[in-house]
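Structure record follows, encoded as structure tokens.
Quantities reported herein were computed from a predicted structural model and do not represent experimental measurements.
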Amino acid sequence: MADIITIDDPDDPRLHDYTGLTDVELRRRREPAEGLFIAEGEKVIRRARHAGYEMRSMLLSAKWVDVMRDVIDEAPAPVYAVSPDLAERVTGYHVHRGALASMQRKPLPSAAELLGSTRRVAVMEAVNDHTNIGAIFRSAAALGMDAVLLSPDCADPLYRRSVKVSMGAVFSVPYARLETWPRDLETVREAGFRILALTPDEKATSIDAAAPHRLERVALMLGAEGEGLSTRALMAADEWVRIPMAHGIDSLNVGAAAAVSFYAVTAGRPQD
């Protein structure tokens, strides 16, 4: 059973994992380097634990101690009880959900490892908005995509905002980074995947006509908000596909486009 330690000094070194959570650039450097990520809120903390992530510590306001009692009793990690005001001074924002946990990252699998056991894969290029990353992972989990591959410049799926938006779905979908872009797409093709590039270009085939759900193995490639897929990525694809639009609308937010296209890719597959 973990000890509950009351802390009233925002500069206490034991709170180091939680300092400056609103400083995006700092946290993007620190968290992967130190092998940690932050889970926020009861459901997300529980999902991280269920997915096998080791807890380093937990930061709770007093009223959340009883709510998280079973997690406290199970996890051999220190629990720091603080006032809401102190939590805000440490993290840089008002912690509405009252519960934070610092979790230990796991080593990422290689792309080759994931491709060997999957049939429906999402590939993201330069999606560097954490909200969009979280939304895409949530849709990937809900709609039965098997894995996600990220270009080197994609945002971190385990950054706090990504995890929060995904409601912990980032723990449910395995992912890997492609080290060389777009050359490593050839690894995807060699594994037997047909690479479909999602684009609003009029020359693209309607995703319904492409019938990706009938293909044996599909890798659906998505680009960043606004810019879309790069020319190099488009040229590396086997086929361009688009979502038919009405009322003169030419594109969707990448999170919405991902959900629509994931459904098209996985239609008819049994879901867990």
Side-chain angles (χ1 to χ4, degrees), residues 24 118-151 153-157 159 161-170 172-173 175 178 181-182 185 188-189 193-272:
V24 178
T118 55
R119 292 183 52 218
R120 300 290 185 264
V121 174
V123 183
M124 293 191 229
E125 181 192 34
V127 179
N128 49 31
D129 180 274
H130 293 104
T131 297
N132 285 334
I133 287 279
I136 291 169
F137 265 86
R138 189 172 184 181
S139 293
L143 296 169
M145 298 296 284
D146 298 322
V148 173
L149 298 178
L150 305 170
S151 71
D153 51 354
C154 278
D156 179 11
Y159 181 72
R161 181 65 180 167
S162 303
V163 173
K164 183 177 178 180
V165 170
S166 79
M167 291 296 293
V170 293
S172 303
V173 183
Y175 69 93
L178 297 170
W181 184 265
L185 288 174
V188 180
R189 184 176 289 106
F193 287 81
R194 183 167 178 81
I195 302 174
L196 305 182
L198 190 66
T199 172
D201 194 293
E202 293 181 356
K203 292 178 288 187
T205 304
S206 164
I207 198 166
D208 297 324
H213 61 290
R214 295 179 182 172
L215 298 173
E216 182 63 25
R217 284 186 155 183
V218 180
L220 181 72
M221 194 159 46
L222 301 154
E225 186 77 23
E227 297 179 1
L229 290 167
S230 68
T231 300
R232 293 195 306 158
L234 289 168
M235 296 305 295
D238 295 308
E239 185 176 4
W240 297 3
V241 295
R242 61 179 173 83
I243 298 170
M245 305 275 176
H247 301 294
I249 305 300
D250 63 355
S251 64
L252 295 171
N253 166 276
V254 66
V260 172
S261 55
F262 291 167
Y263 182 79
V265 166
T266 61
R269 294 185 70 199
Q271 305 296 316
D272 293 334

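- Considering every non-hydrogen atom in both Glu239 and Arg194, the closest pair reads OE1-NH2, 3.3 Å.
- Atom CH2 of residue Trp240 and atom CE of residue Met235 lie 7.0 Å apart, to the nearest 0.5 angstrom.
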Let me see the working for His130 and Val165 under side chain to side chain contact (heavy atoms under 4.5 Å, CB included), right down to the final yes or no.
-> CA-CA 8 Å; His130 293 104; Val165 170; over 6 Å; no
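- Heavy atoms only, all atoms of each residue included: Ala219 and Val123 are closest at CB-CG2, 4.1 Å.
- Leu150 and Pro157 make their closest contact through CD1-CG, 3.6 Å (heavy atoms, listed as atom of the first residue, atom of the second, distance).
- Between Arg138 and Met167, the shortest heavy-atom distance links the atoms NH1-CG, 3.5 Å.
- Between the Ser251 side chain and the Pro200 main chain, no donor and acceptor come within less than 3.5 Å of each other.
- Side-chain N or O atoms of Thr205 include none that pairs as donor or acceptor with a backbone N or O of Val241 at under 3.5 Å.
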Could you walk me through whether Asp153 and Asn128 pass the side chain to side chain contact (heavy atoms under 4.5 Å, CB included) check?
-> CA-CA 7 Å; Asp153 51 354; Asn128 49 31; over 6 Å; no
Using the side chain to side chain contact (heavy atoms under 4.5 Å, CB included) rule, take Met124 and Asn132 through it: C-alpha gap first, then chi angles, then the decisive distance, then the call.
-> CA-CA 11 Å; Met124 293 191 229; Asn132 285 334; over 6 Å; no
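- Side chain of Glu225 to backbone of Val254: a donor-acceptor contact under 3.5 angstrom is found.
- For Glu125 (side chain) and Ser230 (main-chain N/O), a donor-acceptor pair under 3.5 Å exists by modelled atom type.
- A side-chain donor-acceptor contact under 3.5 Å links Asp146 to the backbone of Arg120.
- Contact between Met145 and Phe262 at its shortest, heavy atoms only, is CG-CG, 3.7 Å.
- Minimum interatomic distance between Arg119 and Phe193 (heavy atoms only, all atoms of both residues): O-CE2, 3.6 Å.
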